[in-house]
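What follows is a single structure, written as structure tokens, with notes after it.
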Amino acid sequence: RKLSRDTMRGTVDRAKRGYWPGGPIPFGYDRLIIDEQGEPKRIIRDLEDGTQVMLHPATGGMLDRFAKGKRYKKQDHELCTLVASTPERVRAVRQMFDDFANGKATRQLRETLNKAGFRTSRGALFTVQTIIPILENQAYVGRCVYNRRTLSKWHRYSEGKSVERQDEGVERRGKGDWIIKDDAWPALVDANVFDKVQKRRQSDKAHNTRAQGRAVRANYLLTGLMVCGCCGAKMTGQTCTSGKGYRTRYYVCSAHHAGRKDQCPTRYSVPADVVESYILNLITTDLYRLKTDDNLHKLVADELRRLGY
């Protein structure tokens, strides 16, 4: 817990000074790694194939390359800020904000980016779900915003200090706890354009209707859809609370959970957050592929003709 508290203090200090606090780098930016004296050491750029390259901060020459699945990790004494990436990416970001401010739909922005060959920092296709956070990210106007939500298992930053928390889930923080630093790095998007985009986003949210139904409100999206690897019974959701009050969601074997230990003697469990994120990512990727599947389009057209439509 002391390590957790010290880590949070270090991250808070970096954010207050206008350095990147951590997490995925926004599309259109590169990492600039600097030393304690503020001297640029190297630039780290994510490529479309999911790899990374290390570039010289002055010449732009390549110093090293990291294979897909391997990521650059800065030293503890080093700091990170953001710099503009390639001119093509910067133009794509500005065009995206301009187009959305002028009424284009997020799915059109997605199509434009993907057709131009751009990819996320992990080398994946852009989706509506990855476009929306870009449009709402204040980093594009040069603003560092940290502590909008708490992911730390042990501590939260609240009212100017680190305090212990009692829940492992994501916790959204009030604006009073946000750490904001303007002009932290070069802005890629004009402030007026960014404001227009935020107004449209708020309008869209106000007019969107929420789907009703138990599945939408379910805490465990995959209940009944997974089976136990030991006995084949359905997996069901369960929230476990530790002696310290920390809560964690799991999928557990329904047979073992119901006391049928002769059917399933093993207490088989899977962390819910891990498996749900993995499955949702697979579904999103597969649905996008189906949209561009020419064979599927032909089969649907043939079937419609057969039915007389």
Side-chain angles (χ1 to χ4, degrees), residues 20 23-31 44-53 68 82-145 148-149 170 172 184-211 216 276-294 296-297 300:
W20 184 248
I25 300 300
F27 173 70
Y29 281 107
D30 292 335
R31 298 171 180 84
I44 306 299
R45 176 173 296 165
D46 299 313
L47 300 184
E48 277 69 23
D49 60 2
T51 63
Q52 285 184 331
V53 291
K68 189 173 183 179
L82 304 184
V83 293
S85 187
T86 64
E88 294 79 11
R89 291 181 179 180
V90 173
R91 283 196 295 269
V93 168
R94 290 171 177 164
Q95 188 64 54
M96 187 192 324
F97 276 85
D98 286 340
D99 288 343
F100 189 80
N102 291 322
K104 278 195 174 182
T106 49
R107 63 180 182 275
Q108 293 176 293
L109 307 183
R110 174 198 63 195
E111 298 295 335
T112 300
L113 286 174
N114 289 332
K115 286 181 179 179
F118 295 113
R119 297 293 182 265
T120 68
S121 61
R122 297 290 182 174
L125 293 167
F126 281 96
T127 65
V128 171
Q129 288 72 29
T130 53
I131 294 291
I132 289 176
I134 290 176
L135 295 172
E136 297 179 349
N137 195 338
Q138 298 183 51
Y140 288 104
V141 288
R143 185 175 300 132
C144 177
V145 181
R148 296 183 64 171
R149 58 180 184 171
V170 176
R172 297 190 179 277
W185 43 74
L188 298 188
V189 177
D190 180 78
N192 291 329
V193 174
F194 187 84
D195 289 343
K196 290 181 181 178
V197 167
Q198 303 321 301
K199 289 179 181 178
R200 183 183 167 193
R201 285 291 303 135
Q202 292 301 318
S203 176
D204 288 348
K205 291 177 183 179
H207 289 87
N208 282 343
T209 56
R210 295 182 62 86
V216 176
E276 287 174 359
S277 297
Y278 178 74
I279 295 298
L280 289 174
N281 183 61
L282 289 178
I283 292 172
T284 301
T285 303
D286 287 343
L287 287 176
Y288 186 82
R289 287 174 180 167
L290 288 176
K291 184 177 180 180
T292 57
D293 190 329
D294 294 336
L296 177 63
H297 291 178
V300 171

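All of these numbers come straight from a predicted model, not from anything done at the bench.
Counting all heavy atoms, side chain and backbone alike, Gly28 lies closest to Arg89 at CA-CB, 4.1 Å. The two atoms that bring Gln198 and Glu136 nearest to each other are OE1-CA, 3.7 Å, heavy atoms only. Shown here for Trp20 and Ala139, the closest heavy-atom pair between the two residues is CZ3-CB, 4.5 Å. Nearest heavy atom pair, residue Leu82 against residue Pro26, reads CD1-CD, 4.1 Å. Lys68 and Asp49 get closest at one heavy-atom pair: CD-O, 3.5 Å. Nearest approach of Asn137 to Phe194, heavy atoms of both residues: O-CE1, 3.3 Å.
Between Glu48 atom CD and Ser121 atom OG the span is 10.5 Å, to the nearest 0.5 Å. With values rounded to the nearest 0.5 angstrom, Asp190 atom CG is found 11.5 Å from Phe97 atom CZ. To the nearest 0.5 Å, the span separating OH on Tyr140 from CD1 on Ile134 amounts to 4.5 Å. Expressed to the nearest 0.5 Å, how far CD1 of Ile132 lies from CZ of Arg110 amounts to 11.0 Å. Considering CD of Gln129 and OG1 of Thr284, their distance stands at 5.5 Å, rounded to 0.5 Å. We find the OG1-CG distance between Thr130 and Leu113 to be 8.5 Å, quoted to the nearest 0.5 Å.
Under the 4.5 Å side-chain criterion, counting only non-hydrogen atoms from C-beta, Asp30 is not in contact with Ile25. Side-chain atoms of Leu125 and Thr285, non-hydrogen and from C-beta on, never get closer than 4.5 Å to each other. Counting heavy atoms from C-beta on, the side chains of Met96 and Thr112 never come closer than 4.5 Å.
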Evaluation steps, side-chain contact (heavy atoms from CB on, under 4.5 Å), between Asp99 and Gln108: CA-CA 9 Å; Asp99 288 343; Gln108 293 176 293; over 6 Å; no
Intermediate values then yes/no, side-chain contact (heavy atoms from CB on, under 4.5 Å), Asp98 and Val193: CA-CA 7 Å; Asp98 286 340; Val193 174; 3.5 Å; yes
Intermediate values then yes/no, side-chain contact (heavy atoms from CB on, under 4.5 Å), Thr106 and Leu135: CA-CA 9 Å; Thr106 49; Leu135 295 172; 4.1 Å; yes
side-chain contact (heavy atoms from CB on, under 4.5 Å) between Thr120 and Phe126, intermediate numbers included: CA-CA 6 Å; Thr120 68; Phe126 281 96; 4.0 Å; yes
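Salt bridge status for Arg200 with Asp204: present, with a side-chain N to carboxylate O gap under 4.0 Å. Taking 4.0 Å as the cut-off between side-chain N and carboxylate O, Glu111 and Lys104 do not count as a salt-bridged pair. A salt bridge links Asp46 to Arg31: one of the charged nitrogens lies within less than 4.0 Å of a carboxylate oxygen.
Residues in residues 101-124 take part in these ring pair (Phe, Tyr, Trp, His ring centres under 6.0 Å) pairs, two or more places apart or across chains: Phe27-Phe118.
For the pair Arg119 (side chain) and Asn114 (backbone), a donor-acceptor distance under 3.5 Å is present.
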